[in-house]
Structure formats: C-alpha cells, structure tokens
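No hydrogens, no waters, no symmetry mates; every other heavy atom, side chains included, goes into these values. By convention here, the first residue in the shown sequence is residue 1. In each ligand, atom 1 is the first atom listed, and ligand 1 is the first ligand listed.
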Amino acid sequence: MSVRVRFAPSPTGFLHIGNVHTALFNWLFARHEGGESRLRIENTDTSREVAEATEQIQESLRWLGLDWDGELTFQLDRMERCREEAQRLLDEGHAYEDEGAIRIRMPDEGVTGWTDLIRGHIEYPNDKLEDLVAVRADGRPTYNFASPIEDWLDGITHVLRGEDHISNTPKQIRILEALGAPLPEYGHLANILGDDGRKLSKRHGDVTVEEFRADGYIPEALFNFLALLGWSYDDKTTVMSREELVERFTLDRVGASPAVFDYAKLDWLNGVYLRALPLDEYANRLVTYLREQGYDWDEELVRRAAPLVQEKIATLREFPAFAGFLFARPEATAVDGAVLPAAADALGAVEPFESDRIEAALRELAERLGLKPRDAFQPIRLAVTGSSVSPGLFESLELLGKEESLARIAGSGRGGPSGSSAR
Ligand code: GLU
C-alpha cells in the first residue's frame, strides 16, 4: 500500500512555524516513500469565510516549496457525508441523540491504544473517553468526528500531527472502528519550544512563516533548519539540500522530546545558504526581497551591490541597513578628518572611477600623509557610508560614482549639511 498523508491546518491566520514543521515532516515522509501529501483545510470549527487564511497557508507552503498532491480540500464540504455517517451510527446503535446533538458511544471498559510511530505504544483507559459529540444540535459536525472520517474517505495511511492531538487519537480510533473503517497509523510530533523551555510563541521571536520571510530568511535555509527540529540524520550533518533530506528522512529518527528553536543557528544556516547562492541568483533574491518589502530602489544598483554584501550579511533584511547608503544619502556625520580634503583631491583625479584605481589612489594618499591605511580610510568610509561598518570602501565608492562620493566627503568635511536623498 502506498503512503498517503495529509497536512490539515485550521484556517485561523498566518501559518505558525510549528504547523509548518508538521507540514514539512508529512511532506518529507511522503516524498521519501514516493507517496502522496494532501492539503486539507479543517474549517469545521471556523466557518466558510476562510479565503484569506487559506490563501496565506498556501502562499507560505509554496514559498517553502511544500507542494501538495491533488486539489486542496475543505472539511466543511464533507458536512453532508459526516451527517449521513452519524445517522448510520445512530441506526446501528453506536451513537445516540442527546438534546438534539448526536453522541458516539465510547466503551466503558478496557483500553484504546495504538503504536505511535514516534512514541511507541500509547493507551487510554476507556472510562476516560467521554461520549463524544459527533454532530452538534445545529447540524454541524465536530472536528473530532469530521477529521477521522476525512482520513478514511481520503485513504490516509499515516496521520502525522502535533502532540496536542494525542488525546484526540483514542476517540478518533473508536469512531473509525464504529464506522467499520480501517485505521491509519498515527505519529505525534513533539512541540517546538523557545530557549526558556516554553512553547514557541511571539515573545521568543518570529513565529509565522511570513515573519521569517519578511525578516530575510530564505526558504532553503528555513526548510533545512526545520527538518532538524526533532529529526537528525546522523547527529552531525547539518547542511542538507532538499533532495538529500527527502532521501534521508525516516520516521525512526524522529525524536519524541521537544526540540528547542535556536534562532542563532537559523541565522547561521541562512548565512551559509545565502553565501552559497550563485551571484546572479543571490541578486535575484535581494531584488525580490526588497520589492516585497516595499523598497523602490534601483534594481540595477541592487544587482551591482550584491557582490559587495554576499559574504557579509546573514539575512536579506540586513541589506538596507548595511548598504542603504548606496541608495540614499546618509545623515551627514561630522567627521573629524583632516584627511578628507586631501581624499577629495585624490579621488577627483581618479579616471575612470573604478575600484582598483580608487584603491591605488587612496593607498598612495595614506602613504603620502604617513597614515596607516586603516586610519586614512575610516574617515572616508564614515563620510561616504555614514557608518564605520560597510561593504568594501573602494567598491562602494565606485558604485556611488565620483560626483556623489565627492559631495558626501565635502558635506562631512564641513560638518555636514542635513542628509538628503542622493538619488
Ligand atoms: N486541524 C488540526 C490543527 O490545526 C489538525 C488536526 C489533525 O492533523 O488531525 O491542529
């Protein structure tokens, strides 16, 4: 029997990183097994008005490269079928009416158990299972009734979901048994925690896929990072491509204990992936990111700046602070640099205004003034970029062009006019 899994988010807003982690593990498992991965929107407890959340969920999944097989489905579309099944359970004596609602009869004795794919054997005493409402008095099926019915109708073979659902599993097993339906296998993934040991939430940092995207993480890095939350290949390999992850992912290496979300490790991994991109592709990512974030900076100049920053920034988000001086004149800083007038003269004579010629001229200047290159260059850097940390000075000057470079140097040397836009 081939594998078929599903990711079944409730459409409550932006996709939380814990949910996308569940989606990823389902996807990796399905792809590894050559099976199918479905996407189902569980809107029984919400409403039909979920278009926006549904679009956001799909957008986040697409961005991460988590595709799904077949059409996206909505749980509410199966409402009628759920009612019919509830009626059948009534007719067969597995359910009864209670103030207009339909309740499923749970056994009072014995246990309900399963072998969890991640946690081993789990069982619940049946006297702890209340007679579950399958269909409410207003005719709406509950999540706990609709979800296993859908798993059955869709031929889901493996239900991989968050540990919050462990206590739902015995009820869902009993429902499927009453329906005479086959049982899928169940596996419950551990929660993701912040570094204080509490469930990951807003106070720890980004929590939705869209926030990570807006903060300049790239999907390959987030994908790789999430795969390592609660799963490992060999306890030492960290950087793995999507193809390698698909090839290596098995459930027997998924752990049952909660994984801690290490933001610093994600930053590091993002930097690794960013530096490894071919320059053209790196520039594309920058351009796209900046456009998405609402910067209307000259695309050509962004592309020319790309090689200056690729080795230096760990997230795309750092670009505006690090290289924004190329696009708008920084607040002029009063630089106490006797070197500036001389630098202006030296740079004025450089023709064409290219980085290696600029470098030669400035090194010669430092020597002439008897200054260490560092000491000579720092005031120039400050004057031109507004910061003591910047991409390479000579390359930056070339990108700015002679006129703008000289204007900035002159501005700073005089104590500075108020900052104005350069372009
Ligand atoms: N809709 C549930 C959730 O978002 C998932 C239920 C399931 O996977 O069975 O937590």
Side-chain angles (χ1 to χ4, degrees), residues 3-30 35-50 52-58 60-61 66 68-70 72-79 82 104 112 114 116-119 122 124 132-134 140-177 179 181-192 199-201 207-209 226 230 251 254 258:
V3 158
R4 185 180 290 164
V5 298
R6 85 299 193 276
F7 172 51
S10 304
T12 49
F14 286 106
L15 204 51
H16 189 278
I17 204 72
N19 289 334
V20 92
H21 177 255
T22 302
L24 173 65
F25 277 35
N26 273 288
W27 187 91
L28 284 172
F29 175 63
E36 281 184 26
S37 181
R38 299 282 181 101
L39 177 59
R40 170 210 298 172
I41 303 294
E42 294 206 318
N43 56 341
T44 41
D45 289 337
T46 45
S47 74
R48 272 193 184 279
E49 303 307 314
V50 294
E52 199 180 339
T54 303
E55 193 36 61
Q56 285 161 356
I57 287 168
Q58 295 177 86
S60 294
L61 293 175
L66 298 178
W68 53 94
D69 301 301
L72 161 86
T73 60
F74 291 88
Q75 193 156 74
L76 268 186
D77 291 342
R78 292 251 174 78
M79 210 155 68
C82 289
I104 312 283
T112 300
W114 71 98
D116 196 276
L117 295 162
I118 292 160
R119 289 153 200 272
I122 298 180
Y124 278 75
L132 180 102
V133 173
R140 280 186 312 135
T142 58
Y143 152 75
N144 258 322
F145 188 60
S147 187
I149 288 185
E150 289 220 281
D151 290 336
W152 164 45
L153 298 178
D154 289 337
I156 300 301
T157 59
H158 297 72
V159 171
L160 295 177
R161 57 186 174 191
E163 64 175 299
D164 297 352
H165 290 286
I166 292 177
S167 62
N168 288 327
T169 302
K171 302 172 202 164
Q172 297 184 1
I173 287 176
R174 285 297 171 188
I175 289 167
L176 288 170
E177 282 176 353
L179 290 165
L183 296 181
E185 299 212 54
Y186 292 93
H188 291 90
L189 302 167
N191 279 331
I192 297 171
K199 215 171 154 178
L200 195 72
S201 75
V207 282
T208 66
V209 175
L226 289 173
L251 291 178
V254 176

Quiz item: Can you tell which of Thr22, Asp164, Asp116 makes a side-chain hydrogen bond (donor to acceptor under 3.5 Å, both in side chains) with His188?
Solution: Asp116
Exercise. Go through the steps for Phe7 and Asn19 under the test side chain to side chain contact (heavy atoms under 4.5 Å, CB included), then give the verdict.
Key: CA-CA 9 Å; Phe7 172 51; Asn19 289 334; 4.2 Å; yes
Practice problem: State whether Asp154 and Arg4 are salt-bridged, where the test is any N-O pair (Lys NZ or Arg NE/NH1/NH2 against Asp/Glu carboxylate O) under 4.0 Å. | Solution: no
Quiz item: Side chains of Gln58 and Trp68: closer than 4.5 Å at any heavy-atom pair?
Solution: yes
Quiz item: Would a distance-only check, ignoring hydrogens and angles, find a side-chain to backbone donor-acceptor pair under 3.5 Å from Thr44 to Pro141?
Solution: no
Quiz item: Protein residues near ligand 1, heavy-atom distance below 4.0 Å?
Solution: Arg6, Ala8, Pro9, Ser10, Glu42, Tyr143, Ser147, Arg161, His165
Quiz item: Using a distance-only test with no angle check, is there a side-chain donor-acceptor pair under 3.5 angstrom linking Ser147 and His165?
Solution: no
